[in-house]
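Positions are given from 1, in the same order as the sequence printed here. Every heavy atom of this structure was used, including side-chain atoms; hydrogens, water molecules and symmetry mates were not.
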Amino acid sequence: MIAPMFRAESLSVELAGRRLLDGLTLEVTAERAGLVGALDAWFGLLGGGASLVGGTLELAGLDWKEALATGHAAVAQTAVGFSPRFRVEDYLEAGRPWLASQARSRVNARRSLEQLGLGEFRRTPLGGEGSLVRQLAGLTLAMLTEPALLVVAWPLGQLAEQAFARYGAALGRAVHNRCWMAPWYASAPLPAERAWLASLSTVVWVEPSAALQLPSLPEGCLHVLARVTGKPQKLATRLAEQGITSQLLGGNAGLIVTLPRDEQGHPRTDALLASCVELGLGLTGLEPLDGRR
């Protein structure tokens with residue numbers, strides 16, 4: 001793709017009077033990207049409900065509204081708002097009005113199911129097999145227009161291991177030779193989920209008005225967001241002296257620290273906590289950012 005996959009310029013988004021993004025500028029050129037944070041903003045705007053109140057947003061080189069309306073970009077998220085007795089093929093037919101003139105016929109909808117290896121789900125009720133069928137139906141609906149960019153709502157932590165393996169097989173077919181991005185903010189308890197996160201070419205942490213590309217993770221490490229009272233630059237300098245990598249967020253919002261994991265997979269925070277005490281900084285928040293390893 002020549003144009004950036006995702007470009008936001010001074011982007012502001014509101015939902016029910018709440019400002020979710022406030023002047024965010026971000027450009028993503030990688031073909032497989034993850035956005036950590038601001039899920040309400042991305043899926044509220046792209047899926048309906050939230051409003052763009054300032055700035056611009058482009059998806060795969062087009063204005064976001066045009067990209068979605070023409071099927072140049074599509075959002076794959078769980079099928080909601082339909083009776084559990086509704087069959088997958090009926091759901092795909094009902095989705096036609098949202099896809100306007102780009103929607104395929106019932107025959108092509110079936111063909112899309114076959115292309116994703118989901119032919120046996122054609123007559124399955126949406127309420128069958130837990131949430132897996134709704135996830136697969138939503139993925140197929142997004143693929144009806146063969147979009148240049150697929151935005152995926154990952155069901156991390158929502159499916160059992162066997163169900164996620166089935167979802168992952170379909171997703172693998174969907175994103176083959178296609179640009180895709182996945183906003184998420186959840187743990188990845190399954191090895192298969194972590195393998196998908198590890199496949200991303202870039203991961204960007206998003207705050208309401210700032211974004212930061214996360215560095216690659218050394219084996220056995222984890223990114224955490226540390227929020228402190230005072231100046232986080234002092235903490236970053238002290239951590240660097242101990243060989244601990246960190247990146248500052250804008251506006252004294254905090255810093256992203258790369259910490260080793262302990263035997264249970266949790267971040268080792270001893271050095272971080274000791275540095276805060278030594279510098280007289282209060283640690284007001286500490287949260288893992290992704291589960292890529």
Side-chain angles (χ1 to χ4, degrees), residues 1-69 72-77 147-154 156 179-186 197 200-216 223-228 231-233 236 246-257 284-290 292:
M1 180 176 295
I2 299 176
M5 178 169 65
F6 178 96
R7 176 187 284 152
E9 184 71 32
S10 301
L11 179 65
S12 295
V13 174
E14 287 188 354
L15 177 63
R18 182 165 60 101
R19 185 64 64 98
L20 302 178
L21 295 177
D22 191 11
L24 176 70
T25 294
L26 170 64
E27 181 172 294
V28 177
T29 58
E31 294 185 353
R32 305 183 310 278
L35 300 180
V36 186
L39 289 194
D40 289 347
W42 304 130
F43 290 117
L45 185 62
L46 301 182
S51 301
L52 190 153
V53 296
T56 61
L57 174 63
E58 294 181 2
L59 300 176
L62 297 180
D63 175 78
W64 68 282
K65 287 186 176 181
E66 180 183 357
L68 294 175
H72 188 66
V75 181
Q77 52 189 337
L149 169 62
L150 183 66
V151 183
V152 180
W154 258 332
L156 299 182
C179 290
W180 61 283
M181 60 184 292
W184 92 91
Y185 198 87
L197 296 179
L200 295 171
S201 23
T202 189
V203 174
V204 181
W205 167 254
V206 180
E207 291 270 290
S209 57
L212 184 67
Q213 182 173 327
L214 300 184
S216 58
H223 293 313
V224 298
L225 171 63
R227 299 189 187 276
V228 298
K231 296 183 178 181
Q233 176 63 57
S246 65
Q247 290 181 286
L248 289 166
L249 294 173
N252 285 336
L255 66 165
I256 293 172
V257 186
T284 60
L286 188 65
E287 53 185 306
L289 294 187
D290 64 58
R292 283 182 291 166

Between atom [atom1] of [X] and atom [atom2] of [Y], what is the distance when rounded to the nearest 0.5 Å?
X: Met5; Y: Leu59; atom1: CE; atom2: CG; result: 9.5 Å
X: Leu248; Y: Lys231; atom1: CG; atom2: NZ; result: 12.5 Å
X: Leu68; Y: Leu46; atom1: CG; atom2: CG; result: 6.0 Å
X: Leu35; Y: Trp205; atom1: CG; atom2: CH2; result: 11.5 Å
X: Leu149; Y: Phe6; atom1: CG; atom2: CZ; result: 9.5 Å
X: Met181; Y: Ser201; atom1: CE; atom2: OG; result: 11.5 Å

Heavy-atom closest contact ([X] atom, [Y] atom, distance):
X: Gly23; Y: Ser12; result: N-OG, 3.0 Å
X: Val257; Y: Ala226; result: CG2-CB, 4.3 Å
X: Leu255; Y: Pro232; result: CD2-CB, 3.9 Å
X: Trp42; Y: Gly37; result: NE1-O, 3.4 Å
X: Leu15; Y: Gly49; result: CD1-O, 3.2 Å
X: Ala30; Y: Thr202; result: CB-CG2, 3.4 Å

Are Val203 and His223 close enough, and set up right, to give a side chain to side chain contact (heavy atoms under 4.5 Å, CB included), and what steps lead you there?
CA-CA 11 Å; Val203 174; His223 293 313; over 6 Å; no
Strictly distance-based, threshold 3.5 Å: is any side-chain N or O of Ser209 a donor or acceptor partner for the main-chain N or O of Leu24?
no
Please check if the side chain of Thr29 supplies one atom and the backbone of Pro4 the other of a donor-acceptor pair under 3.5 Å.
no
Verify side chain to side chain contact (heavy atoms under 4.5 Å, CB included) between Trp154 and Leu197, making sure each step is shown before the conclusion.
CA-CA 10 Å; Trp154 258 332; Leu197 296 179; 3.1 Å; yes
Let me see the working for Leu21 and Leu45 under side chain to side chain contact (heavy atoms under 4.5 Å, CB included), right down to the final yes or no.
CA-CA 11 Å; Leu21 295 177; Leu45 185 62; over 6 Å; no
Side chains of Val151 and Trp180: does their closest heavy-atom pair fall under 4.5 Å?
no
For Arg32, check salt bridge (charged side-chain N to carboxylate O under 4.0 Å, His left out) against everything at least two apart and list the hits.
none
Residue set satisfying salt bridge (charged side-chain N to carboxylate O under 4.0 Å, His left out) with Arg19, at least two apart, ordered chain then number -> Glu14, Asp22
Could you walk me through whether Leu11 and Leu52 pass the side chain to side chain contact (heavy atoms under 4.5 Å, CB included) test, one step at a time?
CA-CA 7 Å; Leu11 179 65; Leu52 190 153; 3.4 Å; yes
For Leu62, side chain to side chain contact (heavy atoms under 4.5 Å, CB included) partners two or more places apart
Glu66, Ala67, Thr70, His72
